[in-house]
Amino acid sequence: MTMSSKLLLETGQYMGECKGHEGTIHEISFSVPSSPQVICSCSSDGTVRAWDTRNFKQISALRGSASQEMFTFSFGGSSGNLLAAGSNAQVLLWDWRNSKQVACLEESHMDDVTQVKFAPNQQSKLISAAVDGLLCVFDTDGDIDEDNHLLSVMNAETSVAKVGFFGNTYQKLWCLTHIETLSIWDWNDGSRELNLEDARSLATDKWNLDHVDYFVDCHYSLPDDRLWLIGGTSAGTLGYFPVRNDPAGAICSAEAILEGGHTGVVRTVYPAAGTHESLGQNRGIFGWTGGEDGRLCCWRSDEIAEINKSWISSSLVWKLQKKTKSRHQPY
């Protein structure tokens with residue numbers, strides 16, 4: 001199975017692909033410490049694989065048991081040597097430098113683990129989230145076991161889709177569920193500070209377009225100390241809604257609207273600026289999106305000369321000039 005396709009961002013030119021996975025690919029990331037040319041992926045075939053994007057060759061494969069799916073992974077640990085992965089009711093950890101499995105945590109979750117994330121400023125701390133609604137905090141220092149290394153458990157009360165850290169010391173955690181609710185937690189003390197069961201309605205009220213049908217992700221900007229909730233419509237329009245930790249006005253008016261690229265549900269968003277920078281500051285590129293229509297869209301911010309351009313592709317080789325008015329603002 002093709003892992004990913006590499007393309008020139010300037011032109012959308014197809015360059016090659018990485019082949020090897022034998023099942024659905026659930027997550028990919030350029031997150032290998034000190035190796036920016038390496039992209040990793042995890043799959044329902046039970047592996048987490050690393051690939052060299054210069055020649056598209058596989059350079060490593062970490063395997064669970066034959067019956068396991070790998071839904072998510074994260075690099076971290078106090079020494080930066082750990083790779084955590086979420087599987088079928090298990091959290092697996094390897095020393096990625098020698099491919100040795102160092103732990104299998106199988107008592108904390110009762111269902112598929114959908115997210116694992118090492119805390120950005122406390123690399124020994126690992127958070128896992130699962131379909132069982134639980135968010136677990138582990139200490140990964142030393143010989144890891146659940147009796148001594150499970151620090152706390154939070155209950156989102158419904159299946160968790162995505163989680164992420166935010167706040168000036170990354171002490172907060174946002175949580176999106178499979179029924180489109182949003183909650184905010186202080187993961188150090190385990191308290192839930194905000195729970196928006198009607199998040200879609202609140203977001204819908206903050207723009208004049210169609211009803212927000214689903215949430216794709218959240219994005220946090222450390223320089224601005226701001227969190228955005230990214231919502232979408234079934235027709236493929238996206239909105240970036242600022243989030244405040246205030247039940248009276250938690251979701252604010254959309255600050256960026258991306259429309260005219262997708263024709264169906266959007267499944268993934270990758271901001272050009274990355275996690276730790278402001279949006280829209282990377283050579284005029286706002287970010288990339290991918291959806292169920294098979295299109296990969298590259299969005300430009302309004303501050304550059306080519307205001308109404310974005311390239312959109314179902315085959316990763318053709319380019320489209322947008323003719324509709326650009327609404328991705330305020331940049």
Side-chain angles (χ1 to χ4, degrees), residues 1-4 18 20-53 58-106 108-109 111-120 122-132 134-140 144 149 160-165 170 173 175-176 187 217-218 267-270 274-275 290:
M1 176 173 289
T2 298
M3 193 287 296
S4 65
C18 305
H21 277 304
E22 299 172 352
T24 301
I25 297 162
H26 292 292
E27 190 171 295
I28 61 174
S29 176
F30 284 97
S31 57
V32 181
S34 70
S35 299
Q37 79 280 4
V38 174
I39 189 170
C40 285
S41 57
C42 65
S43 167
S44 60
D45 65 9
T47 65
V48 181
R49 304 181 189 229
W51 318 78
D52 190 325
T53 58
Q58 178 179 301
I59 56 179
S60 70
L62 303 177
R63 298 180 184 274
S65 68
S67 61
Q68 288 175 314
E69 291 191 64
M70 298 295 176
F71 299 107
T72 178
F73 64 92
S74 180
F75 287 92
S78 294
S79 301
N81 63 307
L82 293 179
L83 171 65
S87 185
N88 309 106
Q90 295 180 341
V91 176
L92 305 171
L93 291 109
W94 290 267
D95 185 327
W96 62 267
R97 297 171 300 184
N98 58 21
S99 300
K100 179 183 178 182
Q101 186 172 316
V102 297
C104 175
L105 307 175
E106 54 188 357
S108 300
H109 291 290
D111 216 323
D112 293 344
V113 177
T114 54
Q115 293 274 269
V116 289
K117 294 283 179 69
F118 282 98
Q122 298 183 52
Q123 282 287 297
S124 67
K125 302 298 192 304
L126 174 71
I127 288 188
S128 61
V131 173
D132 58 18
L134 301 182
L135 303 104
C136 298
V137 183
F138 298 97
D139 183 354
T140 62
I144 307 163
H149 289 75
V160 178
K162 290 188 177 182
V163 297
F165 296 93
Y170 294 103
L173 188 75
C175 172
L176 286 173
W187 63 270
D217 211 335
C218 288
R267 288 301 183 189
T268 187
V269 174
Y270 188 81
T275 307

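The salt bridge (charged side-chain N to carboxylate O under 4.0 Å, His left out) test applied to K162 returns D217, not counting sequence neighbours. Among residues two or more places apart in sequence or in another chain, the side chain to side chain donor-acceptor pair (under 3.5 Å) test is passed with T72 by E27. Residues forming a side chain to side chain contact (heavy atoms under 4.5 Å, CB included) with Q101 (at least two apart in sequence, or on another chain): L92, W94, C104. When the side chain to side chain contact (heavy atoms under 4.5 Å, CB included) test is applied to Q123, the partners found at least two apart in sequence or on another chain are F118. Remark: T268 engages no residue in a side chain to side chain contact (heavy atoms under 4.5 Å, CB included) (not counting sequence neighbours). Shown here are the side chain to side chain donor-acceptor pair (under 3.5 Å) partners of Q58, two or more places apart in sequence or in another chain: R49. By the side chain to side chain contact (heavy atoms under 4.5 Å, CB included) test, D132 pairs with H109, M110, D111, A130, L134, sequence neighbours left out. Taking the side chain to side chain donor-acceptor pair (under 3.5 Å) definition, one finds that Q90 meets it with Q68, E106, sequence neighbours left out. Residues passing the side chain to side chain donor-acceptor pair (under 3.5 Å) test with E69 are H26, sequence neighbours excluded. For R63, there are no salt bridge (charged side-chain N to carboxylate O under 4.0 Å, His left out) partners two or more places apart in sequence or in a different chain.
Between I28 atom CD1 and W51 atom CH2 the span is 11.5 Å, to the nearest 0.5 Å. With rounding to the nearest 0.5 Å, the separation of OG in S31 from CD1 in I39 is 9.0 Å. Summarising the geometry, atom OG belonging to S128 is positioned 8.0 Å from atom CG belonging to L105; distances are rounded to the nearest 0.5 Å. For the atom pair S99 OG and L62 CG, the distance stands at 5.0 Å (nearest 0.5 Å).
A donor-acceptor pair is defined here as one N or O able to donate and one able to accept, closer than 3.5 Å; no such pair exists between the side chain of S124 and the backbone of T140. In this structure, T24 contributes its side chain and S44 its backbone to no donor-acceptor pair below 3.5 Å.
Scanning all heavy atoms of the two residues, the minimum distance from D45 to G23 falls at CB-N, 3.9 Å. Between S74 and K117 the shortest heavy-atom distance is OG-CA, 3.8 Å. Residues N98 and K100 come closest through the heavy atom pair OD1-N, 2.9 Å. Contact record, V48 with A85: CG2-CB, 4.2 Å, taken as the closest heavy-atom pair. The two atoms that bring V38 and A50 nearest to each other are CG1-CB, 3.8 Å, heavy atoms only.
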Return a table of donor-acceptor pairs under 3.5 angstrom between the side chains of residues 76-84 and protein atoms on other chains or two or more places apart.
from : atom 1 : to   : atom 2 : distance (Å)
S78  : OG     : D141 : OD1    : 2.5
S78  : OG     : D141 : OD2    : 3.3
N81  : ND2    : D95  : OD2    : 3.2

| said: Go through it in stages, so that I can follow the logic: the residues are W96 and S60, the test is side-chain contact (heavy atoms from CB on, under 4.5 Å), and I'd like the CA-CA distance, side-chain angles, deciding distance and then a yes or no. | reply: CA-CA 9 Å; W96 62 267; S60 70; over 6 Å; no
| Can you list the steps and then say if W187 with L135 is a side-chain contact (heavy atoms from CB on, under 4.5 Å)? | CA-CA 9 Å; W187 63 270; L135 303 104; over 6 Å; no
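In this structure, the side chains of F30 and T53 come closer than 4.5 Å at one or more pairs of heavy atoms. No side-chain heavy atom of S29 sits less than 4.5 Å from a side-chain heavy atom of F75. Side-chain contact check for I144 versus F138: every heavy-atom pair is 4.5 Å or farther apart. With contacts defined as side-chain heavy-atom distances shorter than 4.5 Å, the pair F165/I127 qualifies. Looking at heavy atoms from C-beta onward, S108 lies out of side-chain contact with V91 at the 4.5 angstrom threshold. At a threshold of 4.5 Å between non-hydrogen side-chain atoms, the residues T114 and F71 do not count as touching.
The list of salt bridge (charged side-chain N to carboxylate O under 4.0 Å, His left out) pairs with a residue in residues 83-93, not counting sequence neighbours, is empty.
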